[in-house]
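A short worksheet on the structure shown next.
Any value given below was found using the heavy atoms of this structure, including those in side chains, with hydrogens, waters and symmetry copies removed. Residue numbers start from 1 in every chain, and the chains themselves are labelled A, B, ... in the order their sequence lines are given, proteins ahead of strands.
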Amino acid sequence: AQSVTQLGSHVSVSEGALVLLRCNYSSSVPPYLFWYVQYPNQGLQLLLKYTSAATLVKGINGFEAEFKKSETSFHLTKPSAHMSDAAEYFCAVRTNSGYSTLTFGKGTMLLVSP
Amino acid sequence: DTEVTQTPKHLVMGMTNKKSLKCEQHMGHRAMYWYKQKAKKPPELMFVYSYEKLSINESVPSRFSPECPNSSLLNLHLHALQPEDSALYLCASSQEPLGPGADQYFGPGTRLLVL
């Protein structure tokens with residue numbers, strides 16, 4: 001079975017600082033990996049996805065993630081945090097047996113202080 | 001139009017009520033999904049519809065009854081719910097149910113409170 005583990009339920013950064021949200025995956029085959037963001041009282045918005053085309057994936061709002069097979073990681077980064085980035089971030093892996101259902105990590109709450 | 005819409009935004013119901021949640025997309029997507037999300041938890045898959053047919057039911061209690069009247073519309077009928085069913089109910093859709101076109105796009109959710 002495929003799974004993802006997000007390290008840290010909360011990450012706090014100052015505005016302008018580097019954002020690093022960690023995600024490690026477990027998969028016996030090349031996975032599809034995703035990062036979603038959820039703002040308070042809203043649905044999930046797709047930030048970016050990895051589908052084996054390129055190891056460095058750029059997403060919306062200045063976020064990017066790098067797929068590292070040797071480390072089974074897909075960490076999300078942003079060079080400079082903005083107050084509006086404060087939200088819950090979910091890493092997810094898509095199963096590739098049968099229907100492509102998503103398995104989510106537990107989420108990481110990003111807190112941005114002025 | 002790249003939007004999944006859900007109505008209502010908020011719903012309060014008693015344990016004896018019958019209500020329905022509605023989800024709509026006009027992107028021509030052929031797979032639609034219902035998720036349940038409790039506070040501070042990730043979404044949990046409930047149902048998957050593929051080409052208007054129920055493909056996956058994640059052992060959801062029968063008090064939740066999904067319906068897909070057409071390729072754009074997905075309903076979730078609620079009856080005799082329990083207070084522990086209070087949650088954010090999210091709908092999602094994808095172009096295809098599997099493969100490269102299976103990226104899921106989510107609606108804003110319906111926040112349900114069962115009294």
Side-chain angles (χ1 to χ4, degrees), chain A residues 1-11 21 23 25 29-54 57 59-60 65 86-111, chain B residues 2-7 9-10 21 23-25 27 29-51 53-59 87-113:
Chain A
Q2 295 172 315
S3 65
V4 288
T5 302
Q6 291 183 242
L7 298 175
S9 59
H10 292 81
V11 169
L21 304 182
C23 174
Y25 69 91
V29 295
Y32 289 114
L33 292 162
F34 304 83
W35 277 99
Y36 283 88
V37 60
Q38 186 174 31
Y39 298 101
N41 299 312
Q42 293 190 26
L44 276 70
Q45 183 180 11
L46 180 62
L47 270 180
L48 50 81
K49 65 177 181 180
Y50 168 75
T51 58
S52 77
V57 182
I60 62 172
E88 184 92 29
Y89 291 80
F90 292 99
C91 182
V93 61
R94 185 197 296 166
T95 59
N96 52 20
S97 58
Y99 290 102
S100 296
T101 56
L102 286 171
T103 300
F104 289 92
K106 292 188 176 182
T108 298
M109 176 64 73
L110 177 64
L111 307 168
Chain B
T2 59
E3 194 178 13
V4 177
T5 59
Q6 291 187 243
T7 54
K9 280 192 172 182
H10 301 275
L21 309 185
C23 173
E24 204 160 5
Q25 56 86 16
M27 297 178 277
H29 287 182
R30 302 316 302 265
M32 297 185 77
Y33 311 76
W34 279 116
Y35 288 85
K36 174 182 178 179
Q37 186 180 26
K38 301 284 277 184
K40 303 198 183 301
K41 297 288 187 183
E44 296 175 352
L45 182 66
M46 300 174 73
F47 303 103
V48 179
Y49 271 83
S50 172
Y51 291 85
K53 293 193 185 321
L54 182 63
S55 303
I56 294 178
N57 177 341
E58 292 285 3
S59 303
L88 181 67
Y89 288 84
L90 293 164
C91 174
S93 70
S94 64
Q95 189 175 1
E96 296 291 339
L98 50 83
D103 295 349
Q104 293 182 30
Y105 295 88
F106 285 78
T110 293
R111 189 161 298 281
L112 174 67
L113 178 61

Restricting to non-hydrogen atoms, name the atom on Pro42(B) and the atom on Phe90(A) that form the minimum distance, rounded to 0.1 Å.
CA-CE2, 3.5 Å

So which part of Ser94(B) gets closer than 4.5 Å to some heavy atom of chain A, the side chain, the backbone, both or neither?
neither

Decide yes or no for Gln38(A) and Leu88(B): does some side-chain heavy atom of the first lie under 4.5 Å from some side-chain heavy atom of the second?
yes

May I ask you to test the Asp103(B)-Arg94(A) pair for a side-chain heavy-atom distance under 4.5 Å?
yes

Please tell me if the side chains of Leu44(A) and Leu90(B) come closer than 4.5 Å, counting only heavy atoms from C-beta onward.
yes

Between Ala92(B), Ser55(B), Pro43(B), Gly109(B), which residue shows the highest count of heavy-atom pairs closer than 4.5 Å to chain A?
Pro43(B)

Apply the test side-chain contact (heavy atoms from CB on, under 4.5 Å) to residues Glu44(B) and Phe104(A): give CA-CA distance (whole Å), side-chain angles for both, the deciding distance (0.1 Å), then the verdict.
CA-CA 8 Å; Glu44(B) 296 175 352; Phe104(A) 289 92; over 6 Å; no

Looking at Lys38(B), I want to see if its NZ is surrounded by more than 12 non-hydrogen atoms of other residues, nucleotides or ligands under 6.0 Å.
yes

In sequence, state the C-alpha distance, the side-chain angles, and the governing distance for Val48(B) and Thr101(A), and then conclude on side-chain contact (heavy atoms from CB on, under 4.5 Å).
CA-CA 8 Å; Val48(B) 179; Thr101(A) 56; 4.1 Å; yes

Looking at His10(A), I want to see if its NE2 is surrounded by more than 12 non-hydrogen atoms of other residues, nucleotides or ligands under 6.0 Å.
yes

In Å, rounded to the nearest 0.5 Å, how long is the span from CG of Leu102(A) to CD of Gln104(B)?
4.0 Å

Given heavy-atom pairs under 4.5 angstrom as the criterion, report whether the side chain, backbone, both or neither of Gln42(A) touches chain B.
backbone

If I measure from the heavy atoms of chain B, does Phe34(A) come under 4.5 Å with its side chain, its backbone, both, or neither?
side chain

